[in-house]
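Everything below concerns the one structure shown next.
All chains are named by letter (A, B, ...) in the order of the sequence lines, taking the proteins before the strands, and each is independently numbered beginning at 1.
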Amino acid sequence: MGNMEPNDIPKAYDPKEWEGKLYRQWEESGFFNPDTCIEKGVTKAGAEAFSIVLPPPNVTGHLHAGHAAMLAVEDSIVRYHRMKGDRTLWVPGTDHAAIATQSKVESIIRKEEGKTRHDFSREEFLDRVGKFAQDSHDRITHQVRKMGSSVDWSREAYTLDEKRSFAVRTAFKRLYDDGLIYQGDRIVNWDPELQTTVSDDEIERKEEKSPFYYLQYGPFVISTSRPETKFGDKYVVMHPEDARYSEYAHGQQISLEWIGGNIAATVIKDESVDPAFGTGVMTITPWHDAVDFDIAERHGLDGEQIIGFDGKLLGIAGSFSGMPILEARKKIIDLLQEKGLVVKIDEDYVHSVATNSRGGGLIEPQIKKQWFIAVNKEFEHHGTTTTLKELMRHPVRPGGEITILPKQFEKVYFHWIDNLRDWCISRQIWYGHRIPVWYRKQSTDNSEQITNKTEDTEVYCGVETPEGEGWKQDPDTLDTWFSSGLWTFSTLGWPDENAKDLIAYHPTSLLETGYDILFFWVARMILMSEYFLNTQPFDTVYLHGLVRDGQGRKMSKSLGNTIDPLDVSEVHGADAMRLSLLSGTTPGNDIRLSDEKILSMRNFTNKLWNLARYVGTMSESVDHSNPEPKSDADKDLLQKLGTIVAGVTRHIDRYELSMAVDELRDFTWGDFADWYVETHKVEKNDTLLRYAFDIIIRLWHPFMPFVTEAIHQTLRLDKSEYLIIARWPEFDTTKRVIADENRFALVKDLIIKIRNIRAIYRIDPAVKLTVSARGASERTIRDNEEVFKRLARINEVKSFDTDIPTHSIPVQSGLLQAFLHLEGIVDLDAERKRLGKELADSERYAASLEAKLGNPSFANRAPEAIVTQTRTLLDETNVKADELRGHLASIS
RNA sequence: GCACGCUUAGCUCAGUUGGUUAGAGCACCUCGUUUACACCGAGGGGGUCCAAGGUUCGAGUCCUUGAGCGUGCACCA
């Protein structure tokens with residue numbers, strides 16, 4: 001009698017019935033919080049710590065499949081460590097994503113109300129953004145819960161909340177006081193649409209075809225795709241070694257006719273000019289081009305602003321002033337053509353233009369006074385002289401404190417650092433951390449442009465608003481990555497260096513994020529942590545790939561191929577969604593997600609559920625803590641169980657989640673469901689059945705928390721209140737049995753071969769067959785007789801001595817041999833053919849092994865174990881071939 | 001241009017430090033309602049591991065070159 005009636009448990013697992021309820025129970029239990037785990041004795045106070053900070057999703061909308069992948073990986077690892085008994089903390093949070101969020105709200109306001117942010121006061125506008133962010137936050141945290149993430153909500157953080165703001169101001173002030181933050185007029189990426197600077201990393205280059213003009217510039221021909229920037233060009237640059245221009249000397253003045261009339265141009269020789277490009281001569285526009293800016297700096301040249309911050313030409317353009325650049329471009333060419341200065345126009349020129357990847361427009365390089373972090377400046381740091389670049393490089397070096405998975409991203413990381421320029425951290429948007437710098441004019445002049453400070457401007461940088469009259473705060477806000485960079489420790493109580501969490505959980509154990517933000521975020525966290533805490537922010541960086549559709553395309557709204565993790569979870573369950581994102585994926589490689597894959601994982605969820613139904617209804621509720629192996633099948637299962645526990649544990653420890661999941665799935669579906677459950681139907685070892693399933697459920701829990709917890713609440717195989725705090729299986733090696741001579745494997749193989757023969761000869765499943773066996777083979781079969789009969793559909797096992805039964809065909813599995821009685825059923829010709837093919841295969845294989853062994857250099861150089869193995873293999877193959885020959889002879 | 005990665009069954013991918021006759025899921029073919037599951041079970045077909053060289057007793061795995069694809073960075077006067 002089972003302990004449950006079949007009707008107690010529904011046939012199909014229904015995630016909707018369970019998921020919401022289970023998550024609520026987990027959350028209310030408090031076990032996501034390591035303090036509760038310690039209090040209730042689930043975790044020892046002195047246990048090893050394992051901590052992750054959740055890469056905070058942007059409050060720009062909702063979670064997509066990439067977030068779901070991140071949550072699946074992190075939650076699996078976190079649940080594993082919690083079950084293992086580690087003090088496990090996973091800190092959740094969201095990111096204000098300054099530019100992205102503000103531009104989103106601006107576009108909504110533009111669309112719905114036809115207004116711009118300048119129709120509001122700063123406070124009114126921030127209020128609107130704040131409301132939007134709050135809505136997004138609520139939606140996102142809801143989604144994080146839906147995915148089953150076991151984050152500690154009591155420690156939730158927001159990059160723009162009061163604690164994080166305090167950390168940001170403290171960090172800014174320290175860098176400022178140490179001279180590593182400076183304000184300077186440098187060339188920056190200006191987005192005229194969003195009216196703000198953006199960092200180099202936020203630029204996305206797009207290929208574009210546009211006319212390329214060759215213009216007569218005195219004795220030279222120069223080329224440009226941007227004639228509208230050429231008004232002020234008065235320096236003409238060429239390579240110093242270029243023989244074509246050796247008659248011109250560096251510094252030489254040349255009088256020539258240009259857009260606005262006659263000008264005096266100065267010749268500059270600089271090695272950055274590529275003689276092979278165009279005519280090898282160019283003019284420079286230092287105000288609107290980063291390379292030109294560098295040349296101008298090298299030679300002490302001046303530059304003039306041609307294009308205003310609104311994207312229109314300035315006074316220097318004379319009659320063109322006030323025109324948007326694209327309109328001006330055409331008219332300037334008309335004028336140059338009238339003057340006869342256009343040499344030729346290449347209409348098919350392809351070059352790349354810079355755009356703001358955060359939803360803005362075409363980037364216009366501009367010289368602007370901005371705040372920068374000096375990455376190449378030397379400073380004293382804990383007794384050594386170093387630079388911020390060096391601090392970023394150091395922990396990632398070979399043998400360093402940080403391991404990046406996959407390893408090849410370390411090279412990409414170093415390459416990025418090598419090319420890094422000073423980091424522009426100020427933005428002209430409103431949503432974000434206001435720069436903690438205040439200005440006060442000594443004189444009475446209260447100019448508009450207070451940031452353009454003169455000698456009599458007093459500057460104050462501090463964590464709090466300064467005392468006294470007349471202070472005005474810098475209107476700019478900080479790059480969102482500045483606050484994100486502090487994330488591993490600002491969430492743990494920093495700048496209080498004695499904060500309990502900071503001491504207990506920093507450096508964090510793992511940072512799991514997409515490879516696309518290695519530079520934006522990972523590098524900056526390393527910088528900040530090394531600088532402020534003199535330690536790495538995390539030990540391991542696990543970079544997951546981009547989630548793509550079944551054909552490998554990026555998911556996008558316009559393609560209509562997005563898969564919403566919430567929709568999938570709603571229909572097929574969060575477990576199926578999670579498993580789809582874990583299986584078949586490796587760090588650094590993109591993840592393909594398709595409906596077929598999700599369905600197959602949904603099927604597996606149901607398989608697990610039905611195993612639970614079987615265990616629940618077909619076995620006695622017994623104390624299964626000490627299972628006794630009674631049969632060959634039992635021993636086989638125990639052995640495999642030991643292997644799978646060790647394997648899954650090892651794979652998770654190495655962050656090989658896909659391997660853990662795939663191997664566990666093969667074991668569960670194949671070894672346990674297809675074989676052990678079938679043998680249990682005749683052997684009925686309830687203790688072992690329940691023991692094994694208990695372990696299987698715990699092994700699955702990190703990956704499929706909902707269905708396993710549902711099964712736990714249904715069957716209660718483990719004594720824990722919730723599976724989340726059940727002990728991670730550690731296979732007791734004393735229970736580990738080495739199955740005798742692999743007997744069950746042979747029986748299994750024999751069964752498969754009999755089934756194969758049945759299929760080949762189309763034997764009706766209703767017809768049961770008879771087999772004969774003798775000697776050791778008979779003993780093995782008799783020991784497994786009931787299982788054998790059931791699974792191979794045999795009605796009788798007969799013994800014989802010398803004479804092989806007539807009308808029978810041999811079935812062979814290693815040394816295990818049986819004769820299948822097939823009187824009147826089998827076409828002997830076909831059987832001869834089948835056996836002949838099998839014999840040919842064996843002979844071919846034996847020959848190749850013999851050749852190998854006959855090769856003296858193999859015998860001499862290969863390790864002994866390999867040679868022995870090969871010899872054994874040859875012997876076995878020869879025995880098999882002999883048997884086959886005998887069988888063939890017997891039916892000839 | 002520089003760097004990195006990928007190329008294994010029709011499709012999507014595993015394949016750990018080189019070592020049994022290369023695996024899985026999906027798809028495909030045949031059979032099937034046996035007391036967990038048709039979101040199932042049983043059986044099967046299908047691969048010169050991109051190409052050419054090389055190292056080695058032994059290469060899907062290591063080296064060189066090439067091809068195709070992808071990504072990052074730089075340049076684009």
Side-chain angles (χ1 to χ4, degrees), chain A residues 6 9 11-13 205 212 222-226 233 237 272-274 277-285 289 291-292 349-353 406 408-409 411-412 415-416 418-419 515-516 518-519 546 550-552 572 576 583-586 588-590 592-594 596-597 599-618 650-651 654 656 658-659 662-663 665-666 673-674 677-678 681 752 755-760 762-766 790-791 793 841-842 844-845 848-849 852 855-863 865-867 869-870 872-873 876-877:
Chain A
I9 314 175
K11 263 192 167 187
Y13 171 64
R205 293 196 170 263
F212 193 58
I222 60 151
S223 44
T224 182
S225 58
R226 301 202 57 190
D233 286 10
V237 193
S272 66
V273 178
D274 175 5
F277 189 92
T279 57
V281 181
M282 66 184 205
T283 61
I284 57 168
T285 314
D289 186 284
V291 175
D292 293 3
Y349 183 68
V350 177
H351 66 142
S352 65
V353 293
Q408 60 265 26
F409 275 93
K411 279 184 190 163
V412 184
H415 185 253
W416 175 81
D418 292 342
N419 290 299
Y515 64 71
D516 49 327
L518 177 64
F519 308 135
L546 259 47
Q551 281 114 61
H572 302 302
S583 173
T585 66
T586 39
N589 288 331
D590 291 348
R592 297 222 186 173
L593 189 61
S594 59
E596 293 79 34
K597 193 170 177 185
L599 277 182
S600 86
M601 295 307 165
R602 186 275 314 257
N603 293 352
F604 179 72
T605 314
N606 194 53
K607 186 75 184 181
L608 206 58
W609 177 253
N610 272 287
L611 282 169
R613 287 184 80 215
Y614 179 81
V615 172
T617 55
M618 300 304 288
R650 191 181 67 243
H651 285 315
R654 293 181 184 174
E656 298 163 344
S658 174
M659 284 203 200
D662 291 343
E663 285 179 15
R665 183 167 178 264
D666 286 350
D674 291 342
V677 166
E678 293 308 315
K681 284 175 184 172
I752 291 171
R755 285 169 171 174
N756 183 1
I757 288 166
R758 297 186 67 116
I760 290 173
R762 311 265 160 117
I763 298 170
D764 185 337
R790 182 189 171 95
L791 300 188
R793 305 195 64 71
D841 283 349
S842 294
R844 201 179 319 118
Y845 185 42
S848 79
L849 290 173
K852 200 177 195 179
N855 183 348
S857 44
F858 174 72
N860 296 338
R861 300 198 197 181
I866 297 294
V867 177
Q869 192 183 57
T870 309
T872 311
L873 211 53
E876 283 172 12
T877 311

Value in whole Å for how far the [atom2] atom of [N] lies from [atom1] of [X]:
X       : N      : atom1 : atom2 : value
H351(A) : A74(B) : NE2   : C1'   : 17 Å
I9(A)   : U35(B) : CD1   : P     : 18 Å
E596(A) : C26(B) : CD    : C1'   : 7 Å
M601(A) : U12(B) : CE    : P     : 16 Å
K597(A) : A27(B) : NZ    : P     : 15 Å
N860(A) : G58(B) : CG    : P     : 13 Å
M618(A) : U34(B) : CE    : P     : 15 Å
F604(A) : A24(B) : CZ    : C1'   : 14 Å

So, using side chain to side chain donor-acceptor pair (under 3.5 Å) as the criterion, who are the partners of [X] when residues are at least two apart?
X       : answer
S600(A) : none
N860(A) : none
T586(A) : N589(A)
E663(A) : H651(A)

Suppose you measure atom [atom1] in [N] against the same atom in [M]; what distance do you get, rounded to whole Å?
N      : M      : atom1 : result
A24(B) : G46(B) : C1'   : 14 Å
U21(B) : C13(B) : P     : 28 Å
G54(B) : A22(B) : P     : 23 Å
A67(B) : A74(B) : P     : 26 Å
C6(B)  : C62(B) : P     : 9 Å
G70(B) : A27(B) : C1'   : 26 Å
U33(B) : A38(B) : P     : 14 Å
U48(B) : U8(B)  : C1'   : 12 Å

Between [X] and [Y], is there a donor-acceptor pair closer than 3.5 Å when you use the side chain of the first and the backbone of the second?
X       : Y       : result
D292(A) : I284(A) : no
N756(A) : I752(A) : no
N610(A) : K11(A)  : yes
R793(A) : P765(A) : yes

Would you name the heavy atoms of M601(A) and A576(A) that are closest together and state the gap between them?
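Here M601(A) and A576(A) meet closest at CB-O, 3.7 Å.
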Is there a donor and acceptor pair, one atom on the side chain of R613(A) and one on the base of C37(B), closer than 3.5 Å?
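Under the 3.5 Å cut-off, the side chain and the base do not form any donor-acceptor pair.
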Looking at A38(B), does its base get a donor-acceptor pair with the side chain of K11(A) below 3.5 Å?
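Donor-acceptor pair under 3.5 Å: no.
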Results of ring pair (Phe, Tyr, Trp, His ring centres under 6.0 Å) for Y614(A) - residues two or more places apart only
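Once residues adjacent in sequence are excluded, the partners of Y614(A) under the ring pair (Phe, Tyr, Trp, His ring centres under 6.0 Å) criterion are H680(A).
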Between which residue ranges does RNA chain B form stems of three or more consecutive Watson-Crick or G-U wobble pairs, both distances under 3.5 Å?
B:1-7 with B:67-73, B:10-13 with B:23-26, B:28-32 with B:40-44, B:50-54 with B:62-66
Expected rows: protein N/O vs nucleotides 41-46 of chain B N/O, under 3.5 Å:
unit_1: G41(B); atom_1: OP1; unit_2: K607(A); atom_2: NZ; d: 3.0
unit_1: G41(B); atom_1: OP1; unit_2: W669(A); atom_2: NE1; d: 2.3
unit_1: A42(B); atom_1: O3'; unit_2: R755(A); atom_2: NH1; d: 3.2

Please list, chain by chain and in numerical order, all residues satisfying side chain to side chain contact (heavy atoms under 4.5 Å, CB included) with Q869(A), sequence neighbours excluded.
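Partners of Q869(A) by the side chain to side chain contact (heavy atoms under 4.5 Å, CB included) criterion, ordered by chain and then number, come out as I866(A).
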R844(A) bridged to D841(A) by N-O distance under 4.0 Å:
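Looking at R844(A) and D841(A), the cut-off is met.
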Over all strands shown, is [X] touching base, sugar-phosphate only, or nothing at heavy-atom distances under 4.0 angstrom?
X       : answer
R665(A) : sugar-phosphate
R602(A) : base
V291(A) : sugar-phosphate
T585(A) : nothing

Taking U34(B), A36(B), C73(B) as options, the one with an atom nearest any side-chain atom of R793(A) is U34(B)
Taking the side chain of S600(A) as its heavy atoms from C-beta onward, which of C26(B), C73(B), C37(B) lies nearest to it?
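Closest of the options to the side chain of S600(A): C26(B).
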Just jot down the salt bridge (charged side-chain N to carboxylate O under 4.0 Å, His left out) partners of D418(A), sequence neighbours excluded, or say none.
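D418(A) satisfies salt bridge (charged side-chain N to carboxylate O under 4.0 Å, His left out) with R393(A) only.
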Test of understanding: with salt bridge (charged side-chain N to carboxylate O under 4.0 Å, His left out), list the residues that count as partners of E678(A), not counting sequence neighbours.
K681(A)
Tabulated below should be each protein N or O lying under 3.5 Å from an N or O of nucleotides 15-22 of chain B; please produce it.
unit_1: U20(B); atom_1: O3'; unit_2: Y845(A); atom_2: OH; d: 3.0
unit_1: U20(B); atom_1: O2'; unit_2: Y845(A); atom_2: OH; d: 2.5
unit_1: U21(B); atom_1: OP1; unit_2: Y845(A); atom_2: OH; d: 3.4

Between protein and nucleotides 67-72 of chain B, what N or O pairs are separated by less than 3.5 Å?
none

Side-chain heavy-atom pair F858(A), T870(A) within 4.5 angstrom cut-off
yes
